[in-house]
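Take a look at the structure below.
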Amino acid sequence: AVCLGLLCVLLLAEIIGLSVYCKLNSLSLKVETFYIHCNLNITDGIIGCQYIIKRDNLQTSYNNLTKERDQLHTSYNNLTKETDQLQTRYKTLSEERDQLQTSYNNLTKERDQLQNSYNNLTKERDQIHTSYNNLTKERDQLHTSYNNLTKEKDELQTRCKPLSEERDQCYQVMKYPYELKEFGNSSYFISTTKNNWDNATQDCRNRGTKLVIINNLEEQKFLISLNINTWIGLSDIETEGTWRWVDGTPLTTAYWGPQQPDNSGDPEVEEDCVEIVNWNRDPVKMWNDMKCNTERNWICEAVKD
Ligand SMILES: [Ca+2]
Ligand SMILES: [Ca+2]
Ligand SMILES: [Ca+2]
């Protein structure tokens, strides 16, 4: 029994040594080792301890590998998710890229169309500019032509005015047909119609002549020989009793009929114009003062140069 106790003490010392050798293990392992080595020899104990350590290491490695596997699995799942997300983003981006490409193509077409439109508008603008310049030139030419025509019109109107007056006079002259007679140094236009003294005077003026002025007895006799009751160019229209010829000269030699001039003898009636009345055969007593609005033949005289 003493020997057996001694052996146990020795074994206990070995166990302590093994514990140092095995370094740190769980308390149960120590108990187990103690129990084993209480029944087995030291060599077997060491070998068993090594196996245990290896097993523990393997267990630890296994655990670590399991953890790593789990981590890898988690990482794999995460990566799978990320891959899916990236796949989705890639798809979305591809679609966006296609849309952008389509938009780019459309914009390119629109740009080309706009460029064409711009070119066409530029051409049209240039044509319009050219047309504008041409029209401006034409307008200026027309303006010049207009001014020239206006000047010509004014000149023609200036030239036309006396012609119109002559025409009007011609019309007036043509209104009253006449018979032409020549005597002495004068031509005589003898009317074939009758009119008042004023119109007769105006008709002679229209012809460039004067109502006949009797300058001498020969002329008086010539007029009597025509055998017409006619106005002569003598009146006292301006001043009663003061007789003047139509050229403004005063009466010097007169051939009044009997009791003439009498200014009608009626205070209510004026007789201011003179006629030749063939009421007797005495050529020096043939004139009568008469109401000027009475209608008579008349004789215009044109004195030759
Ligand atoms: Ca005369
Ligand atoms: Ca009179
Ligand atoms: Ca009279």
Side-chain angles (χ1 to χ4, degrees), residues 165-166 168-305:
E165 289 174 356
E166 279 186 37
D168 293 343
Q169 285 178 350
C170 285
Y171 280 137
Q172 288 297 324
V173 167
M174 287 167 64
K175 270 169 64 179
Y176 304 113
Y178 60 86
E179 183 183 354
L180 182 62
K181 295 274 186 184
E182 302 286 341
F183 178 79
N185 201 34
S186 292
S187 301
Y188 298 87
F189 301 87
I190 301 151
S191 78
T192 56
T193 57
K194 297 182 179 180
N195 216 322
N196 62 43
W197 192 87
D198 284 334
N199 287 339
T201 304
Q202 184 60 47
D203 175 60
C204 293
R205 204 173 290 139
N206 291 341
R207 295 171 194 272
T209 63
K210 287 186 172 61
L211 198 56
V212 64
I213 295 171
I214 300 171
N215 303 94
N216 49 54
L217 186 59
E218 285 71 28
E219 194 173 16
Q220 165 80 358
K221 288 180 177 173
F222 163 72
L223 295 175
I224 290 169
S225 71
L226 299 175
N227 199 30
I228 52 173
N229 189 186
T230 178
W231 290 121
I232 63 173
L234 184 66
S235 75
D236 68 342
I237 290 174
E238 290 184 6
T239 307
E240 175 59 32
T242 301
W243 298 94
R244 287 188 181 279
W245 295 102
V246 288
D247 64 355
T249 56
L251 175 66
T252 51
T253 304
Y255 307 107
W256 294 112
Q259 289 87 46
Q260 301 302 326
D262 61 354
N263 204 32
S264 84
D266 180 351
E268 302 295 321
V269 180
E270 289 284 317
E271 288 185 339
D272 294 340
C273 297
V274 180
E275 61 175 343
I276 289 178
V277 185
N278 203 6
W279 56 26
N280 59 57
R281 300 251 175 215
D282 189 350
V284 298
K285 295 181 179 177
M286 289 271 185
W287 294 358
N288 173 46
D289 57 346
M290 188 65 185
K291 290 181 289 183
C292 295
N293 60 1
T294 311
E295 292 198 337
R296 293 283 184 265
N297 287 90
W298 67 96
I299 296 171
C300 301
E301 178 186 7
V303 180
K304 298 174 186 172
D305 294 333

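Everything numeric here is computed off the predicted structure, so don't read it as measured data. First listed ligand is number 1; within each ligand, the first listed atom is number 1.
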The OE2(Glu301)-the Ca ion (ligand 1)-OE1(Glu219) angle, to 10°, is 130°
Nearest 10° is fine: what angle sits at the Ca ion (ligand 3) between OD1 from Asn288 and OD1 from Asp262? 140°
Any N/O/S atom, backbone or side chain, of Ser264 lying under 3.0 Å from the Ca ion (ligand 3)? no
Decide if atom CZ of Phe183 counts as having more than 12 heavy atoms of other residues, nucleotides or ligands within a radius under 6.0 Å. yes
Closer than 3.0 Å to the Ca ion (ligand 1), do we get an N, O or S atom from Ile213, backbone or side chain? yes
What N/O/S atom of Glu271 is the closest to the Ca ion (ligand 2)? O
What are the two closest non-hydrogen atoms of Asn199 and Asn195, and how far apart are they? ND2-OD1, 2.9 Å
Does Met290 bring an N, O or S atom to under 3.0 Å of the Ca ion (ligand 3)? no
Check whether any N, O or S atom of Asn215 sits under 3.0 Å from the Ca ion (ligand 1). yes
Any donor-acceptor pair under 3.5 Å from Asn185 side chain to Lys304 backbone: yes
Among the N, O or S atoms of Asp272, the one nearest the Ca ion (ligand 2): OD1
N, O or S atom within Asp236 nearest to the Ca ion (ligand 2), by name: OD2
Any sub-3.5 Å donor-acceptor pair from Glu275's side-chain atoms to Asn288's backbone N or O? no
